[in-house]
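When reading the values below, keep in mind they use all heavy atoms of this one structure, side chains included, and skip hydrogens, waters and symmetry mates.
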Amino acid sequence: MAAETVPAVAAKGLDAEGYIEREGSLGRLPHPFRPVVAAARDRVLGLFGARLHSAYLYGSIPRGTARVGRSDLDLLLALNEEPTEADREDVRRFGEALDEEFPQIDGTGTLLYSRTQLLSEPERHDLGWFVACLCTPLLGDDLAEYLPRYRPDSLLARETNGDLALLLPRWRERIEAADSDETRRRLVRFMSRHLVRTAFTLVMPRWNGWTSDLAEMAEVFSAYYPERADQARRAAVLGRTPTADTTVLRTYVDDLGPWLADEYTRVHGTKTPRP
């Protein structure tokens with residue numbers, strides 16, 4: 001049973017009316033990352049041209065908290081039509097080229113969707129919320145203008161992270177297929193971040209606030225579930241400085257992940273199935 005205590009981290013991230021404030025801005029870009037963002041912007045335009053509706057930054061770079069040589073460049077691209085497999089391959093190569101050229105970043109992750117999907121009703125409290133609250137406009141017409149404002153409520157919690165139980169079997173397959181320390185390190189970073197964010201959104205409605213800082217997320221969660229505090233705090237650390245230890249990955253899919261999936265379902269229900 002979760003302990004009802006007052007979190008040590010004061011709730012924040014909301015405007016005066018209780019809606020989640022949009023995080024990040026181009027004005028917060030750390031100076032070392034500005035050439036990377038400029039190159040990404042120009043190349044995205046060259047890659048998609050008139051097919052591109054809009055482009056966004058998200059993650060630590062637009063929040064101003066990125067670390068040189070340690071942080072990745074995160075982009076979301078919205079096309080005027082459904083992306084093809086060829087588009088996804090182009091985006092993969094685009095990311096590899098940026099990563100090789102700019103030592104400031106440790107990888108490039110690019111999400112690719114159609115404008116229609118991002119604004120669709122099933123995605124209103126998942127991808128739509130992500131664009132409206134966590135993405136910083138870089139190019140084109142900002143889709144946030146067509147989306148509502150969002151509160152940190154149970155509906156948002158369910159639709160953003162209420163699918164962990166479905167993800168765990170895929171994670172196990174990825175662990176089995178990992179054939180290098182670099183692959184395992186990237187899996188630890190990805191899964192650590194995902195689990196910390198899921199743990200945070202589990203308690204987000206009770207805390208009534210928003211943060212994207214992994215350490216703060218872990219602390220907020222730990223106040224409500226002290227019996228899992230050490231795991232959450234450790235995952236927050238590994239989300240920033242990952243190891244290649246397979247034991248960590250096994251713990252995620254055999255212990256913390258299943259427990260978190262069950263508790264999430266109990267508290268918020270499961271994410272609405274997508275087509």
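- In this view, R93 and E89, D90 satisfy the salt bridge (Lys or Arg N to Asp or Glu O under 4.0 Å) rule, not counting sequence neighbours.
- Looking at every heavy atom in both residues, P258 comes nearest to L168 through N-CD1, 3.6 Å.
- Looking at heavy atoms from C-beta onward, S71 lies in side-chain contact with S60 at the 4.5 angstrom threshold.
- For R184, the salt bridge (Lys or Arg N to Asp or Glu O under 4.0 Å) partners at least two apart in sequence or on another chain are D181.
- Residues D126 and L156 form no side-chain contact, since every pair of their non-hydrogen atoms from C-beta on lies 4.5 Å or further apart.
- Sorted by first then second residue, the side-chain hydrogen bond (donor to acceptor under 3.5 Å, both in side chains) pairs that include residues 167-179, not counting sequence neighbours, are E176-R250.
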For side chain to side chain contact (heavy atoms under 4.5 Å, CB included), just list the numbers for R228 and D255, CA-CA rounded to whole Å, side-chain angles, deciding distance to a tenth of an Å, and then say yes or no. CA-CA 11 Å; R228 293 280 176 171; D255 180 28; 3.3 Å; yes

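- Checked against ring pair (Phe, Tyr, Trp, His ring centres under 6.0 Å), F130 has the following partners two or more places apart in sequence or in another chain: Y58.
- Between W207 and F221, the ring center distance fails the sub-6.0 Å criterion.
- Nearest approach of Y224 to V220, heavy atoms of both residues: CD1-O, 3.2 Å.
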Go through R115 and D141 one step at a time and tell me if the salt bridge (Lys or Arg N to Asp or Glu O under 4.0 Å) criterion holds.
CA-CA 11 Å; R115 176 187 185 276; D141 183 22; 5.6 Å; no

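- The structure places CD of Q117 at 5.5 Å from OG of S114, a figure rounded to the nearest 0.5 Å.
- Counting all heavy atoms, side chain and backbone alike, Q231 lies closest to T251 at NE2-CG2, 4.1 Å.
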May I have the step-by-step check of side chain to side chain contact (heavy atoms under 4.5 Å, CB included) for Y113 and L77, ending in yes or no? CA-CA 6 Å; Y113 297 101; L77 308 181; over 6 Å; no

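- Between the CE atom of M217 and the CG atom of L195 there is a distance of 12.5 Å, given to the nearest 0.5 Å.
- For residues 151-160, the set of pairs meeting the salt bridge (charged side-chain N to carboxylate O under 4.0 Å, His left out) definition, not counting sequence neighbours, comprises E159-R274.
- Within the structure, salt bridge (charged side-chain N to carboxylate O under 4.0 Å, His left out) contacts touching residues 39-51 (residues at least two apart or in different chains) are R43-E101, R51-E81, R51-D87.
- The side chain to side chain donor-acceptor pair (under 3.5 Å) check on E219 picks up R233, with sequence neighbours excluded.
- Without hydrogens or angle criteria, D213 side chain to E216 main chain gives a donor-acceptor distance under 3.5 Å.
- Legend: salt bridge (charged side-chain N to carboxylate O under 4.0 Å, His left out) pairs involving residues 64-80, not counting sequence neighbours, sorted by first then second residue: D72-R193.
- Hydrophobic cluster membership is shared by L127 and Y146, with clusters built from Ile, Leu, Val, Met, Phe, Trp and Tyr side chains linked at under 4.5 angstrom.
- A donor-acceptor pair is defined here as one N or O able to donate and one able to accept, closer than 3.5 Å; such a pair exists between the side chain of T241 and the backbone of V237.
- Residues that satisfy the salt bridge (Lys or Arg N to Asp or Glu O under 4.0 Å) test with E100, not counting sequence neighbours, are absent from this structure.
- With hydrogens and angles left out, the side-chain atoms of N161 and T201 include a donor and acceptor closer than 3.5 Å.
- With a 4.5 Å cut-off on side-chain heavy atoms, T272 and P122 do not count as touching.
- Follow the hydrophobic side-chain contacts under 4.5 Å out from I105 and you reach L26 in the same cluster.
- Taken together through direct or relayed side-chain contacts under 4.5 Å among Ile, Leu, Val, Met, Phe, Trp and Tyr, L155 and I20 form parts of separate hydrophobic clusters.
- Here the CG-OG1 distance, from D99 to T108, works out to 5.0 Å after rounding to the nearest 0.5 Å.
- Side-chain atoms of P83 and R88, non-hydrogen and from C-beta on, do get closer than 4.5 Å to each other.
- Here the shortest heavy-atom pairing between P242 and V188 reads CB-CG1, 3.9 Å.
- Within the structure, ring-ring contact (aromatic ring centres under 6.0 Å, His included) contacts touching residues 251-275 (residues at least two apart or in different chains) are Y225-W259, Y264-H268.
- One side chain, S54 or Y56, offers a donor N or O that lies under 3.5 Å from an acceptor on the other.
- Following chains of ILVMFWY side-chain contacts shorter than 4.5 Å, one can reach L214 starting from L260, so the two form part of one hydrophobic cluster.
- C133 SG to R149 CZ: the interatomic distance, rounded to the nearest 0.5 Å, is 10.5 Å.
- The number of heavy atoms from other shown groups lying within 6.0 Å of CG (N80) is above 12.
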Evaluate the side chain to side chain contact (heavy atoms under 4.5 Å, CB included) criterion for residues H125 and Y150: first the C-alpha distance (whole Å), next the side-chain angles of each, then the deciding distance (0.1 Å), finally the verdict. CA-CA 8 Å; H125 286 82; Y150 297 87; 3.8 Å; yes

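- Across all non-hydrogen atoms, the minimal contact from D142 to R22 is OD2-NH1, 2.6 Å.
- The distance from the CG atom of D254 to the OG1 atom of T247 is 10.5 Å, given to the nearest 0.5 Å.
- Side-chain contact check for L47 versus L52: every heavy-atom pair is 4.5 Å or farther apart.
- To the nearest 0.5 Å, atom NE2 of residue H194 and atom CG of residue L164 are 5.5 Å apart.
- The hydrophobic clustering, which links ILVMFWY residues whose side-chain heavy atoms are closer than 4.5 Å, places F190 and L111 together.
- Residues F33 and A66 come closest through the heavy atom pair CE1-CB, 3.5 Å.
- Ring to ring, W210 and Y19 are not that close: their centroids are 6.0 angstrom or more apart.
- For D245, there are no salt bridge (Lys or Arg N to Asp or Glu O under 4.0 Å) partners, not counting sequence neighbours.
- Surrounding CZ of R234 are at most 12 heavy atoms belonging to other residues, nucleotides or ligands under 6.0 Å away.
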(Q) Could you go through T136 and R63, starting from their C-alpha distance and side-chain angles, then the distance that decides it, and tell me whether this counts as side chain to side chain contact (heavy atoms under 4.5 Å, CB included)? (A) CA-CA 9 Å; T136 297; R63 290 199 304 267; over 6 Å; no

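- Checked options L79, T116, L143; the residue passing with H53 is L143 (criterion: side chain to side chain contact (heavy atoms under 4.5 Å, CB included)).
- Each salt bridge (charged side-chain N to carboxylate O under 4.0 Å, His left out) pair with one or both residues in residues 105-114, not counting sequence neighbours, appears once here: D106-R185, D106-R186, D106-R189.
- Here the side chain of Q104 pairs no donor or acceptor atom with the backbone of V68 at under 3.5 angstrom.
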